2 protein chains.
Amino acid sequence: MATIYDVAQLAGVSPATVSRVFNGVGVSDEKVAAVRQAAEQLRFTPNRTARTLRRQSSEVIALVIPDIENPYFTEMARGVEDVASEAGYSVVLCNSDAQVEKESTYLGIAIAEHMSGVIIAAASERTDLTAIRAAGRPVVAVDRGVGSDVDEVVMANRDAGRAAAESLIEAGYRRIAHIAGPENIETATERAEGWRRALQAHGAEADPELLRFSSFRVDGGREAMEALLALPEPPDAVVAGNNLIGVGAIQVLTERGLTPPRLGVAVVGSLPFTTLSPTAVTLVRLPARHMGVTAARMLLERIAGDAQPTRTVVLRGELQPASVLR
Amino acid sequence: MATIYDVAQLAGVSPATVSRVFNGVGVSDEKVAAVRQAAEQLRFTPNRTARTLRRQSSEVIALVIPDIENPYFTEMARGVEDVASEAGYSVVLCNSDAQVEKESTYLGIAIAEHMSGVIIAAASERTDLTAIRAAGRPVVAVDRGVGSDVDEVVMANRDAGRAAAESLIEAGYRRIAHIAGPENIETATERAEGWRRALQAHGAEADPELLRFSSFRVDGGREAMEALLALPEPPDAVVAGNNLIGVGAIQVLTERGLTPPRLGVAVVGSLPFTTLSPTAVTLVRLPARHMGVTAARMLLERIAGDAQPTRTVVLRGELQPASVLR
DNA sequence: CTGAAAGCGCTAACAC
DNA sequence: GTGTTAGCGCTTTCAG
């Protein structure tokens, strides 16, 4: 690998001049041309490691998510990536697997690798941001708040939960269950809260049996749905707490011949790879990509030195009611 | 951030000794203890950038994939990640978006950041590996071969295509179409070849109209399925070239009331988030995770200095025939 | 087993 | 505008 010294020698200038050419500061046109030509010839690529060591910062941001296999998070990742690469930053995607330990490891790497900032969808409420904050790195929390005082981009979860439940009520369902995510995750409890309020507001039955906390995964949705169907008095509709829970619940229903809308289903999130008729299920689509875009912009502002008080952006889901009714 | 000098001073040893403690070479027990204690106290984390600059290599591998939103690739990513992190490596996930330019950018970053190696699912046959190879970094190709002479882990695509088509033939379908991926991607053409052979072997109709090249995405599957149904003599079954094509095709079928098995469907790949009864569609499940695991192990061997001739590992799909027949 | 010292490749003062 | 030079924090000979 060629270095700036090789280029400098070939171009007949000093290493500093080569560096300047690659960093856009005042160099005379002839020298710029000479340097570029020499660099070309030697296939010179600036060594980012050396630059990072010297500058004490790198154009890399870390994106830490709890489930890389969930399309909701990968869609968000696309948003982050688009904004970041536009601004000359690369994104490294870290999968915490919803484990606080793995998450800490990645946060440690982000510090040790001098990454410029972190966007994180926290694994749980126990997520520990003290080290990364102490290192002075900007952090933006997405999807879920974290205890600390950092910028946040979250969804209007309560509203989403309420809209999903109300859509079902309006469609005439009377006994509406809710399969929520883990009880220690803010998004899950907020959506559940929205569901509860919708039922109360419409004088519908809010049987505690009808609320199930599970995992934000397909098998979580399956298990909870099975348990609900096994109830002495099963529900006639269900609100799924996220996309994967929705998939699991609908799988079970399909296997039992209860395909929506025979049993009403509303999902907080999208069903990206559904093979179901898109009109049979109510969706509250969450703008995942937009969340990523917003978070990335905020992070870049912070990296650029913006020191205003922390902000919280709340994004709204879009109701797409089922058009096929039972 | 504390450095080894701070730790050395506090522990009363030399910086070299601190370095040795953190790299597991012979240091007396007392000094090890002193250093560890000092490091703890100062919350010292080794600066990876400096280490990388000095060592000319970092414990990071790049995983370049064409579509981060495709569960097939994220599942593979999990496999890579598990093996890598076990071995103390981190994985940075790069989304080439099936564009050769983006892919080159990431490959350039991999070089400039001194990453130890690359696992790549090539964007197309035009993928250019010369720079990364010239830089002496080990490369493993996954899912699709690349022109160059590198280790490969691929699927038995021809067999998968054949098995999918044969399953449909055995179920009694007579006019079996195939929606393939892009014509310039090896996996697509090989699976199509398998489909063709199955039809020929069973004396079935191999109307060229029935073969459609599209994209490996949901909309590709949708468009091709619609075109097939618009044919004067539409097919009675279809082999989808990958998971997302399968989703798109089934979506269209569902909208037209042709839910499988009314029109037979076989998919090369899995339908991870399907809400369909799992027995209505034939699947040739591809071991994506295993592909990632294998590729990561091979790469790690190369990084460790293994210089044997390049290997190609072919992984076999698993047929899971539809159990509900028409 | 341990320490001194020389860089890895680059950038940023500081001179000229 | 341009060159000289001193590190960024770490590893790794080379002595001892």
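Chain letters run A, B, ... following the sequence lines, proteins first and then strands; every chain starts at 1. Note that the coordinates shown come from a computational prediction; the quantities given were computed from them, not determined experimentally. Heavy-atom basis, side chains included; hydrogens, waters and symmetry copies ignored.
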Sidechain N-carboxylate O distance under 4.0 Å for B:Arg126, B:Glu103: no

Flag for [Y]-[X]: side-chain donor and acceptor within less than 3.5 Å:
X        : Y        : answer
B:Asp149 : B:Thr310 : yes
B:Ser14  : B:Thr17  : yes
B:Tyr72  : B:Asp143 : yes

Enumerate all atom pairs, one protein N or O and one N or O from nucleotides 5-7 of chain C, separated by less than 3.5 Å.
residue: C:dG7; atom: N2; partner: B:Arg54; partner atom: NH1; Å: 3.1

Is [X] touching bases, backbone alone, or none of the nucleic acid, heavy atoms closer than 4.0 Å?
X       : result
A:Val13 : sugar-phosphate
B:Arg48 : nothing
A:Ser19 : base
A:Phe22 : nothing

Nearest heavy-atom pair of B:Ala39 and B:Val7: which atoms, and what distance? N-CG1, 3.9 Å

Which nucleotide of DNA chain D is the first, and which the last, in the 5' to 3' direction, to come under 4.0 Å of a heavy atom belonging to chain A? D:dG1 to D:dG9

Nearest-angstrom distance from the residue atom [atom1] of [X] to [atom2] of [N]:
X        : N      : atom1 : atom2 : value
A:Leu53  : C:dC8  : CG    : P     : 13 Å
A:His114 : C:dT11 : NE2   : C1'   : 14 Å
A:Arg51  : C:dC8  : CZ    : P     : 19 Å
B:Arg55  : C:dG9  : CZ    : P     : 16 Å
B:Ile4   : C:dG3  : CD1   : P     : 12 Å

Which residue lies toward the 5' end of DNA chain D, B:Ala50 or A:Val27, if each is placed at its nearest nucleotide? A:Val27

Check this one for me: any side-chain N or O of [X] less than 4.0 Å away from OP1 or OP2 of [N]?
X       : N      : result
B:Thr52 : C:dC8  : no
B:Gln56 : C:dG9  : yes
A:Asn23 : C:dT11 : yes

Of all residues at least two apart in sequence or in a different chain, which pass the side-chain hydrogen bond (donor to acceptor under 3.5 Å, both in side chains) check with A:Arg133? none

Distance from A:Ile303 atom CD1 to A:Met298 atom CE, nearest 0.5 Å? 12.5 Å

Between the axis at one end of the helix from C:dC1-D:dG16 to C:dC16-D:dG1 and the axis at the other (five pairs apiece), what's the angle to 10 degrees? 40°

Closest nucleotide of DNA chain C for B:Gly12 versus for A:Val18: which of these residues is on the 5' side? B:Gly12

Step by step, would you call A:Lys102 with B:Glu81 a salt bridge (charged side-chain N to carboxylate O under 4.0 Å, His left out)? CA-CA 12 Å; A:Lys102 277 201 181 182; B:Glu81 203 183 29; 5.1 Å; no

Please tell me whether B:Phe44 and B:Phe22 form a close aromatic pair, meaning their ring centres lie under 6.0 Å apart. yes

Selection residues 105-125 of chain B - residue pairs positive for salt bridge (charged side-chain N to carboxylate O under 4.0 Å, His left out), sequence neighbours left out: A:Arg48-B:Glu113

Mind jotting down which residue pairs meet the salt bridge (charged side-chain N to carboxylate O under 4.0 Å, His left out) criterion with at least one end in residues 66-75 of chain A? Sequence neighbours excluded, please. A:Glu69-B:Arg78

Go through the steps for A:Val21 and A:Lys31 under the test side-chain contact (heavy atoms from CB on, under 4.5 Å), then give the verdict. CA-CA 8 Å; A:Val21 168; A:Lys31 305 225 164 181; 5.8 Å; no

